[in-house]
J.: 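Please find one structure pasted underneath; my questions will follow.
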Number of protein chains: 4
Amino acid sequence: MASSESGSAAPRRADARRNRARILAAAEQVFGDQGFAGSTEEIARRAGVSVGTVFRHFPTKRDLLAAIVKDLLQGLENEADRLVRDGDPATALFTFFAHLVAEAAEKKTIVELLADVGTAVPIDTAIGGFADTFARLLDKAQAAGTVDRDVTADDVLALLISTTQGAVRGGWDPRRQERVLSIIFAGLAAPRR
Amino acid sequence: MASSESGSAAPRRADARRNRARILAAAEQVFGDQGFAGSTEEIARRAGVSVGTVFRHFPTKRDLLAAIVKDLLQGLENEADRLVRDGDPATALFTFFAHLVAEAAEKKTIVELLADVGTAVPIDTAIGGFADTFARLLDKAQAAGTVDRDVTADDVLALLISTTQGAVRGGWDPRRQERVLSIIFAGLAAPRR
Amino acid sequence: MASSESGSAAPRRADARRNRARILAAAEQVFGDQGFAGSTEEIARRAGVSVGTVFRHFPTKRDLLAAIVKDLLQGLENEADRLVRDGDPATALFTFFAHLVAEAAEKKTIVELLADVGTAVPIDTAIGGFADTFARLLDKAQAAGTVDRDVTADDVLALLISTTQGAVRGGWDPRRQERVLSIIFAGLAAPRR
Amino acid sequence: MASSESGSAAPRRADARRNRARILAAAEQVFGDQGFAGSTEEIARRAGVSVGTVFRHFPTKRDLLAAIVKDLLQGLENEADRLVRDGDPATALFTFFAHLVAEAAEKKTIVELLADVGTAVPIDTAIGGFADTFARLLDKAQAAGTVDRDVTADDVLALLISTTQGAVRGGWDPRRQERVLSIIFAGLAAPRR
DNA sequence: GATGAATGAGAGTTCATTCAT
DNA sequence: AATGAATGAACTCTCATTCAT
């Protein structure tokens with residue numbers, strides 16, 4: 001009774017936990033194929049479960065999307081921590097930046113939805129979770145002289161949103177992605193004015 | 001492919017022409033307020049017209065969106081032509097790039113829809129209309145030495161899509177927008193590798 | 001644009017008017033058979049119309065009920081006016097009272113719903129429409145000496161609600177109804193205290 | 001017919017007995033607040049029990065309602081017996097009648113449901129339990145001369161249903177209730193025809 | 001050409017009831 | 001006996017699209 005928002009973490013019973021996972025997977029598929037318009041019934045079908053069960057786990061369609069996004073971000077944040085600790089200060093910022101863009105390109109539709117559906121998880125909230133990480137990575141890079149001192153963490157986040165959305169909406173191949181990144185990274189390195 | 005797809009150009013009768021314009025305006029408002037989910041009936045209401053009329057002009061909701069986008073792009077291309085002719089070769093590329101981003105930020109929702117709704121007008125088709133323009137502006141800039149020779153027109157278009165989408169989805173204030181652009185422009189100017 | 005609440009009066013087009021009437025009739029049937037739980041789809045079917053049409057006429061299930069009740073009351077009020085004008089002062093009150101009870105017994109389920117479903121038309125509002133009429137009938141009866149002077153119009157209305165509900169819920173046969181009324185009328189006539 | 005319909009009387013185990021009571025109490029609350037539409041899950045929650053348990057005790061929602069009503073009536077019948085034995089013959093009928101109306105006004109929603117929901121306990125069955133009691137009270141009153149000889153027990157029951165339902169549906173304040181009763185009692189006393 | 005009523009598939013959501021744990 | 005997850009039919013309502021007037 002204490003800690004449970006709607007559709008939160010893991011149920012107690014094993015079968016329920018299994019179902020929750022299946023539903024999330026099915027939803028990722030369906031949203032991926034048809035966008036947020038994909039029907040709940042279709043999700044239930046693919047999860048091998050009845051609609052009622054979907055709604056028991058996620059009282060609202062939006063909650064479903066939010067849960068998917070949350071999982072996705074969780075994974076990324078874990079990787080981030082590792083990089084902050086162990087990466088080369090001079091390049092870790094670039095590495096992580098590129099990594100996020102690549103991930104986004106892979107999870108295309110989810111990232112699209114992230115920005116679309118009113119407010120499931122507003123995009124800046126989502127990316128905001130990385131604010132600290134980037135602030136730290138930026139510090140190190142500036143200390144190492146690979147990024148101009150005038151650049152702020154907010155600048156980097158804004159560029160991240162851009163590149164991420166560009167990758168997702170523009171339908172880039174890996175070469176294009178690499179070239180775009182290299183231009184942006186050059187811009188970050190260049191002394192301003 | 002030239003002059004008469006469904007709902008294209010201008011009807012003969014004056015009242016019909018007037019209605020077409022009203023409907024487009026109303027649709028731009030409604031889509032702007034409520035996204036593509038805004039109902040056809042609402043559009044009809046705001047246009048002071050009945051649903052039937054909306055459908056006579058645009059057989060499908062998507063056609064409506066396509067028409068709006070087409071108008072928007074038409075306007076921009078006109079401005080582009082002027083710039084190519086009269087602008088300062090060293091900076092015209094940057095000026096036009098910034099102009100497009102600003103426009104996008106203004107027409108937020110329409111640009112969002114551009115990328116979202118399946119295929120009203122796929123984003124690269126839309127932006128592709130500027131390919132020639134940018135190719136020419138890029139040439140001049142490289143000749144003037146304000147952009148690195150390694151940069152291609154496709155690179156520029158990719159960056160345009162990114163910044164455009166970033167501006168629209170990220171909810172930037174003008175200062176952020178300016179800073180982001182200046183970093184990207186610096187990246188374009190910097191000699192590669 | 002001026003005078004039209006939801007589901008109000010009569011549409012312009014003849015077919016629409018016909019449909020509206022059919023829907024009302026079907027709804028009266030269905031509500032009568034199954035109470036307010038009867039489904040909209042069933043109503044549509046019996047009206048020979050699709051659900052969409054039902055909802056175009058009455059945007060809410062409750063609106064449908066309200067419309068039925070309104071029609072019912074309208075009819076009764078018309079009869080009331082006639083009685084006030086032409087009836088025998090000494091007995092008109094009793095006549096009209098008995099008439100309403102009989103009507104209620106006939107339209108059983110509708111009257112039940114009147115009181116049940118939250119607030120489609122709150123029962124006192126409904127009966128309140130007769131307040132004036134009863135006030136006038138009561139005056140005349142008291143002048144004629146057939147009702148005790150201590151009785152107020154509110155008393156009469158309260159008794160009307162009672163008898164009405166009794167008739168509807170109690171499943172009285174005509175004899176029972178007559179006996180109950182005669183006792184109540186005797187009570188009204190009797191000098192108080 | 002005597003002791004073991006579904007969900008009847010008292011379970012053996014102490015905890016089960018406790019649960020049964022809790023569920024009944026919770027259901028009375030919930031039905032009181034939200035009518036018969038109140039959800040089983042809500043009832044379970046308020047009883048501090050799971051849905052499964054509710055259904056083990058009362059296989060159907062309607063059974064729950066029936067049980068509540070049964071309890072309510074049981075209590076009233078006990079009081080009735082006392083009155084028949086000890087009350088003043090001349091007034092006991094009136095006293096008990098008024099008492100029932102007051103009770104009904106208190107348990108408003110339950111009494112509403114009594115008459116509404118198809119058949120949990122049909123209203124005349126419910127009130128029929130008092131038939132004997134009233135027959136006896138009526139006898140005494142007629143012997144004492146406070147009620148006209150022409151009045152039958154069925155008349156009294158019909159009036160009881162009326163007043164009861166009137167009180168519940170009409171939203172009377174105590175004064176109105178008193179006035180209505182006094183008129184009805186006057187009617188009972190008055191010599192007929 | 002315009003109107004606006006009709007269509008009807010489909011959506012999200014609820015809830016009594018069943019059943020594995 | 002109790003739990004609480006699962007079921008799935010049912011419900012109200014929306015909306016792009018068609019078509020009689």
Side-chain angles (χ1 to χ4, degrees), chain A residues 11-20 23 37-44 47-62 64, chain B residues 11-17 19-20 37-45 48-62 64, chain C residues 11-20 37-44 47-62 64, chain D residues 11-17 19-20 37-45 48-64:
Chain A
R12 252 164 217 140
R13 262 166 60 173
D15 54 346
R17 219 153 37 226
R18 209 178 321 126
N19 278 341
R20 203 192 113 101
I23 292 169
S39 84
T40 312
E41 206 100 23
E42 169 78 11
I43 292 174
V49 145
S50 84
V51 232
T53 303
V54 174
F55 277 92
R56 163 173 278 265
H57 284 279
F58 307 94
T60 271
K61 212 186 172 187
R62 207 168 252 166
L64 233 186
Chain B
R12 261 173 206 127
R13 264 166 59 171
D15 55 343
R17 218 155 39 230
N19 278 344
R20 205 192 111 99
S39 82
T40 315
E41 206 101 24
E42 170 79 10
I43 292 173
R45 203 174 312 125
V49 144
S50 83
V51 232
T53 303
V54 173
F55 276 89
R56 166 168 286 269
H57 283 281
F58 306 93
T60 271
K61 212 184 172 187
R62 205 167 254 163
L64 234 185
Chain C
R12 252 163 218 141
R13 261 164 60 173
D15 54 345
R17 217 154 40 227
R18 209 178 321 126
N19 278 341
R20 204 193 112 102
S39 82
T40 313
E41 207 99 24
E42 170 78 10
I43 292 173
V49 144
S50 85
V51 231
T53 303
V54 175
F55 278 92
R56 164 173 277 265
H57 285 278
F58 307 94
T60 272
K61 212 185 171 187
R62 206 167 253 165
L64 233 185
Chain D
R12 262 173 207 126
R13 264 166 58 171
D15 55 342
R17 218 155 38 230
N19 278 343
R20 205 193 112 98
S39 81
T40 315
E41 207 101 22
E42 170 80 9
I43 293 173
R45 204 175 310 128
V49 145
S50 81
V51 232
T53 304
V54 173
F55 276 89
R56 168 168 285 268
H57 284 280
F58 306 93
T60 272
K61 212 185 173 187
R62 204 168 255 164
D63 292 331
L64 234 185

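Chain A is the first sequence line, chain B the second, and so forth, proteins listed ahead of strands; every chain is numbered from 1.
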J.: According to a strict under-4.0 Å criterion, is C/Arg56 in side-chain N/O contact with OP1 or OP2 of E/dA5?
T.: yes

J.: Report the secondary structure of DNA chain F in dot-bracket form, marking unpaired bases with a dot and bases paired to a different strand with |, and treating Watson-Crick or G-U pairs with both distances under 3.5 Å as paired.
T.: .||||||||||||||||||||

J.: Whole angstroms only, please: what is the CD-P distance between C/Glu42 and E/dG8?
T.: 17 Å

J.: Check this one for me: any side-chain N or O of B/Asn19 less than 4.0 Å away from OP1 or OP2 of E/dA2?
T.: yes

J.: At less than 4.0 Å, is any side-chain N or O atom of C/Ser50 found next to OP1 or OP2 of E/dT7? Yes or no.
T.: yes

J.: Provide a list of protein-nucleic acid N or O atom pairs under 3.5 angstrom, restricted to nucleotides 17-19 of chain E.
T.:
residue, atom, partner, partner atom, Å
E/dT17, OP2, D/Lys61, N, 3.1

J.: Could you state the CZ-P distance from C/Arg20 to E/dG4, rounded to the nearest angstrom?
T.: 18 Å

J.: Drop me the distance from C/Arg18's CZ to C/Arg13's CZ, to the nearest 0.5 angstrom.
T.: 10.5 Å

J.: If only side-chain N and O atoms of B/Thr53 are considered, is one of them under 4.0 Å from the OP1 or OP2 phosphate oxygen of E/dT3?
T.: yes

J.: Identify, between B/Ala16 and A/Gly38, the residue whose nearest nucleotide on DNA chain E lies closer to the 5' end.
T.: B/Ala16

J.: Take atom CD1 of A/Ile43 and atom P of E/dG10, then tell me their distance rounded to the nearest Å.
T.: 17 Å

J.: With D/Thr40, which of D/Thr60, D/Leu64, D/Val51 fulfils side chain to side chain contact (heavy atoms under 4.5 Å, CB included)?
T.: D/Val51

J.: Would you say A/His57 places a side-chain N or O within less than 4.0 Å of OP1 or OP2 belonging to F/dA6?
T.: yes

J.: Which residue, D/Ser39 or A/Ala37, contacts DNA chain E at a nucleotide closer to its 5' end, judged by nearest heavy atom?
T.: A/Ala37

J.: How long is the line joining CZ of D/Arg17 and P of F/dA2, in whole Å?
T.: 12 Å

J.: Can you measure from OG (B/Ser50) to CZ (B/Arg45) and round to the nearest 0.5 angstrom?
T.: 12.0 Å

J.: Starting at atom CG of A/Leu64, determine the distance to atom P of E/dT13, rounded to an integer number of angstrom.
T.: 10 Å

J.: Hey, could you give me the CZ/CG distance between B/Arg17 and B/Asn19, rounded to the nearest 0.5 Å?
T.: 11.5 Å

J.: Please report the closest heavy-atom contact between C/His57 and C/Pro11, naming both atoms and the distance.
T.: CE1-CG, 3.9 Å

